[in-house]
Trainee: 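One structure follows; several queries about it will come next.
Chain naming here is simple, since letters A, B, ... match the order of the sequence lines and numbering starts at 1 in each.
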Amino acid sequence: MSAIQAPKGTRDIFAPEVHAWQHLEAAIRDYYGRYLYQEIRTPLFEHSELFSRGIGEQTEVVQKEMYTFRDKADRSLTLRPENTASVVRAAIEHNLFEALAPLRFFYIGPMFRYDKPQKGRYRQFHQFGVEVFADDAPQVDAEVIFSAVDFLRRLGIAQVQLELNSVGCPNCRPAYLKVLRQAAQDRSADLCEDCRRKIDSNPLRIFDCKQHACSGIAASFPVIGDHLCPECREHFAAVRETLSWMNVPFLLNPRLVRGLDYYTKTAFEVTSGQLGAQNALLGGGRYNDLIRELGGPDMAGIGFAAGMERLVLHLEHLAAPRPKVLFVATADPRWLAHAVQLAQVLRSEGHPVYVDYQSKNLKKQFKKADRIAAAFTLVLAEDEVRDGAVSVKNMATQEQVKIPLKDLNAWLKQNP
RNA sequence: GUGAGUGUAGCUCAAUGGUAGAGUAUCAGACUGUGGAUCUGACCGCUGCGGGUUCAAGUCCCGUCACUCACCCCA
């Protein structure tokens, strides 16, 4: 009989790593709270149709990566592979467009994709993200992008690259794809086998090919920036201009595409050199048609999602917070009652307290106090109990003083 | 889905095809009212799992599972 392991692609998070997660989650709530974003928590599973309609039937995510199952009433449900579609669904379902202002959300939680695990990629992974339902103003794009980069900087993640592109809209993208396909078709004899297949399925991906010959050829292919409709072109220019007002450096990447079909106009990605192959820290863009397509009002939207595992990889140097732990040691089981009561009082005063219930001698208890990094060890023994006091030893300085119980709390407050 | 590498004690790692070991951690003692050091001792393994070859397999072969990394995809 073999022991049960966590399913492939899932992981347990515990100390010391969990401290980085707590730090990250607190930072998200603090930072986006200041921008008046409100947290939204949507179900971990939804009707499968939400994702196939929202993300796009033809996307890799929907085709290959969804955890889809049937429940007892034969409904097709899917563990959410991303959260934008759910947030839009919730906003429509509760008519938040009229009830809540401003329409800015953030979320934190697990997502699920059936992928082959590797560095920074898991089957259950965590994203935080933001969604802004608003008008189509390019300044909103810039503000969302700024917040993402600024947030990373505040976390201490500064060595990142912001890449930016416009993926057009239903008015201009189809025409561009046609031009691109034609260009690729003309050179198909010189392309690798993979890329020839992509001409039909996803011509934009030819730009990503690592083969030297292909990337050289692709460099001469038309880019979408030259084929945007006037509206998209103006919008994109305004986004870039606003970003420069904000002093946000970015790299124009005319070949940047997003994996989900709902994106229109602005698309962006923040990558890190420290992550290996899965180098995207966060990615997002504008989705001006999604809300309407899912049955809501004709309202524009923009957002991004960040991979929390990938952020935590950058935060692992963070020292765990060290609370001032008090260790209560008893020289003899006779004083356990005093120890228990002392611990109760101290905890009610807000101190983190560990009581050792089974050690036979003080030496072992001090050793244990040392191991859990206690700041003070409080000794209860015959003398102390008789005098209504406790001996407090500062573990760092080795100083020890005997303090009457009634003065203990005040003393602790004065001796951090 | 494709490919490569790795699976030995809680952890980090050894072991020409020939008795499974070390360091560290843990526990106990030296040391019965005081920690970090030192010394002594103890515990610790179906060598991922299942087959095969062999007198003999941790070691070689096949399969499988897991992990890691890359392709792919993406956060």
Side-chain angles (χ1 to χ4, degrees), chain A residues 1-11 55 59-65 80-84 107-129 148 152 192 194 197-198 201-202 204-205 208-211 256-260 267-272 275-285 303-313 327 329-332 335 356 358-385 391-400 402:
Chain A
M1 198 180 72
S2 53
I4 297 173
Q5 300 176 295
K8 188 186 184 87
T10 68
R11 49 198 300 276
I55 297 172
T59 59
E60 196 92 4
V61 169
V62 170
Q63 292 270 312
K64 298 181 183 170
E65 298 176 359
R80 62 185 189 189
E82 60 102 48
N83 210 12
T84 299
Y107 58 81
I108 301 172
M111 310 293 158
F112 306 84
R113 292 184 198 174
Y114 193 91
D115 241 338
K116 191 150 175 180
Q118 66 187 67
K119 181 170 183 168
R121 188 169 79 184
Y122 300 95
R123 290 181 173 182
Q124 174 174 336
F125 61 104
H126 297 77
Q127 289 186 333
F128 91 83
L152 294 181
C192 72
D194 265 2
R197 236 192 342 263
K198 291 175 189 165
S201 63
N202 197 344
L204 290 165
R205 287 269 159 226
D208 289 340
C209 186
K210 305 278 194 293
Q211 307 267 349
L256 175 69
V257 280
R258 313 258 70 240
L260 315 178
F268 62 96
E269 197 166 288
V270 174
T271 57
S272 163
L275 285 174
Q278 309 302 312
N279 64 352
L281 274 174
L282 61 88
F304 70 83
M308 293 175 72
E309 280 78 2
R310 296 177 189 181
L311 294 177
V312 165
L313 284 174
F327 188 103
T330 50
D332 187 287
W335 319 123
D356 190 73
Q358 53 182 337
S359 287
K360 295 142 211 142
N361 61 54
L362 282 174
K363 182 180 181 66
K364 293 202 185 310
Q365 294 180 74
F366 269 91
K367 211 164 186 169
K368 195 161 188 173
D370 191 46
R371 229 182 38 227
I372 68 170
F376 295 96
T377 297
L378 281 52
V379 179
L380 279 171
E382 190 142 18
D383 290 357
E384 285 81 359
V385 171
S391 291
V392 180
K393 181 170 183 179
N394 182 321
M395 296 298 280
T397 65
Q398 308 202 34
E399 290 172 289
Q400 181 167 320
K402 197 157 134 188

Trainee: Quick one: closest heavy-atom pair of V392(A) and F376(A), and the distance?
Mentor: CG1-CD2, 3.7 Å
Trainee: Got a sec, which residues hit side-chain hydrogen bond (donor to acceptor under 3.5 Å, both in side chains) with E60(A), two or more places apart in sequence or on another chain?
Mentor: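 Residues passing side-chain hydrogen bond (donor to acceptor under 3.5 Å, both in side chains) with E60(A): K64(A).
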Trainee: When the C1' atoms of U6(B) and U59(B) are considered, how many whole Å apart are they?
Mentor: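 That atom pair is separated by 15 Å.
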Trainee: Rounded to whole Å, please give me the gap between CG in L281(A) and P in A75(B).
Mentor: 12 Å
Trainee: Which residues pass the side-chain hydrogen bond (donor to acceptor under 3.5 Å, both in side chains) test with T271(A), not counting sequence neighbours?
Mentor: none
Trainee: Counting any heavy atom closer than 4.0 Å, what does L311(A) reach on the DNA or RNA strands: base, sugar-phosphate only, or nothing?
Mentor: nothing
Trainee: Expressed in angstrom and rounded to an integer, what is the separation of Q278(A) atom CD from C71(B) atom C1'?
Mentor: 10 Å
Trainee: Look for any protein N or O under 3.5 Å of an N or O in nucleotides 1-10 of chain B and output each such pair with its distance, or none.
Mentor:
{"unit_1": "U2(B)", "atom_1": "O4", "unit_2": "K116(A)", "atom_2": "NZ", "d": "2.9"}

Trainee: Could you tell me how far apart F112(A) (CZ) and C74(B) (C1') are, to the nearest whole angstrom?
Mentor: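 Nearest whole value for this atom pair: 17 Å.
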Trainee: Sequence neighbours left out, what passes side-chain hydrogen bond (donor to acceptor under 3.5 Å, both in side chains) with R371(A)? Give chain and number order.
Mentor: none
Trainee: Please enumerate all residues that pass side-chain hydrogen bond (donor to acceptor under 3.5 Å, both in side chains) together with S272(A), with sequence neighbours excluded.
Mentor: H314(A)
Trainee: Using heavy atoms to find the nearest nucleotide of RNA chain B for G276(A) and Q127(A) separately, return the residue whose nucleotide is more 5′.
Mentor: G276(A)
Trainee: Can you check each nucleotide of nucleotides 27-37 of chain B against protein heavy atoms at under 4.0 Å and return B for base, S for sugar-phosphate only, - for none, in 5' to 3' order?
Mentor: SSS-B-BBBB-
Trainee: Which nucleotide wins on minimum distance to the side chain of E65(A), given the candidates C73(B), C71(B), A75(B)?
Mentor: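 In terms of side-chain proximity for E65(A), the closest of C73(B), C71(B), A75(B) is C73(B).
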Trainee: How long is the line joining NZ of K119(A) and P of U68(B), in whole Å?
Mentor: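 Atom NZ in K119(A) sits about 11 Å away from atom P in U68(B).
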Trainee: Please give the distance between the P atoms of G33(B) and C13(B) as a whole number of Å.
Mentor: 42 Å
Trainee: When the P atoms of A30(B) and G17(B) are compared, how many Å lie between them, rounded to an integer?
Mentor: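 G17(B) and A30(B) have their P atoms separated by 47 Å.
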Trainee: Work out how far the C1' atom of A66(B) is from that of G48(B), and round it to whole angstrom.
Mentor: 7 Å
Trainee: Say we look at C11(B) and U53(B): how far apart would their P atoms be, to the nearest angstrom?
Mentor: 34 Å
Trainee: Taking atom C1' of C74(B) as reference, at what distance in whole Å does atom CZ of F268(A) sit?
Mentor: 15 Å
Trainee: Let me know the distance between CD of E82(A) and C1' of C74(B), rounded to the nearest Å.
Mentor: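 In whole Å, C74(B) C1' and E82(A) CD are 12 Å from each other.
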Trainee: Partners of A280(A) by side chain to side chain contact (heavy atoms under 4.5 Å, CB included), sequence neighbours excluded?
Mentor: E269(A), R310(A)
Trainee: Tell me every residue that passes side chain to side chain contact (heavy atoms under 4.5 Å, CB included) with A396(A), counting only those two or more places apart in sequence or in another chain.
Mentor: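 Checked A396(A) against side chain to side chain contact (heavy atoms under 4.5 Å, CB included); matches are N394(A).
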Trainee: Report the distance from atom CZ of R123(A) to atom P of A75(B), rounded to the nearest whole Å.
Mentor: 18 Å
Trainee: Reckon F128(A) touches a base, only the sugar-phosphate, or nothing at all at heavy-atom distances under 4.0 Å?
Mentor: nothing
Trainee: For residues L362(A) and A329(A), report the shortest heavy-atom separation together with the two atoms involved.
Mentor: CD2-CB, 3.9 Å
Trainee: Using side chain to side chain contact (heavy atoms under 4.5 Å, CB included) as the criterion, list what pairs up with A148(A), not counting sequence neighbours.
Mentor: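 Testing A148(A) for side chain to side chain contact (heavy atoms under 4.5 Å, CB included), a comparison that skips the adjacent residues, returns L282(A), F304(A).
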Trainee: Return the minimal non-hydrogen interatomic distance between F366(A) and K393(A), and the atom names on each side.
Mentor: CE2-CD, 3.5 Å
Trainee: Under 4.0 Å, heavy atoms only, any strand: does G284(A) hit a base, just the sugar-phosphate, or nothing?
Mentor: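 It contacts nothing in the nucleic acid.
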Trainee: Expressed as a whole number of Å, how far does the C1' atom of U54(B) sit from that of G45(B)?
Mentor: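 Per the computed distance, 24 Å lies between those C1' atoms.
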Trainee: Restricting to salt bridge (Lys or Arg N to Asp or Glu O under 4.0 Å), what partner residues turn up for D370(A), sequence neighbours left out?
Mentor: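 Counting only residues at least two positions away or on another chain, D370(A) forms no salt bridge (Lys or Arg N to Asp or Glu O under 4.0 Å).
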Trainee: Has the side chain of E82(A) got a donor or acceptor atom that lies under 3.5 Å from a matching backbone atom of M111(A)?
Mentor: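 No; judged by distance alone, with no hydrogens or angles, the pair does not exist.
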Trainee: Roughly how far apart, to the nearest Å, are A22(B) and G35(B) at atom C1'?
Mentor: 28 Å
Trainee: When Watson-Crick pairs (N1 to N3 and N6-O4 or O6-N4) and G-U wobble pairs (N1-O2 and O6-N3) count only below 3.5 Å on both distances, what is the dot-bracket string of RNA chain B, with | for other-strand pairs?
Mentor: (((((((..((((....[..)))).(((((.......))))).....(((((..]....))))))))))))....
Trainee: Identify, between Y122(A) and P117(A), the residue whose nearest nucleotide on RNA chain B lies closer to the 5' end.
Mentor: P117(A)
Trainee: Strictly by side-chain hydrogen bond (donor to acceptor under 3.5 Å, both in side chains), give each pair with a member in residues 115-125 of chain A just once, sequence neighbours left out.
Mentor: Q118(A)-R121(A)
Trainee: Measure CZ/F304(A) against C1'/C74(B) and give the value in whole Å, please.
Mentor: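 Answer to the nearest Å: 16 Å.
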Trainee: Please state whether the base of C67(B) and the side chain of R11(A) form at least one donor-acceptor pair under 3.5 Å?
Mentor: no
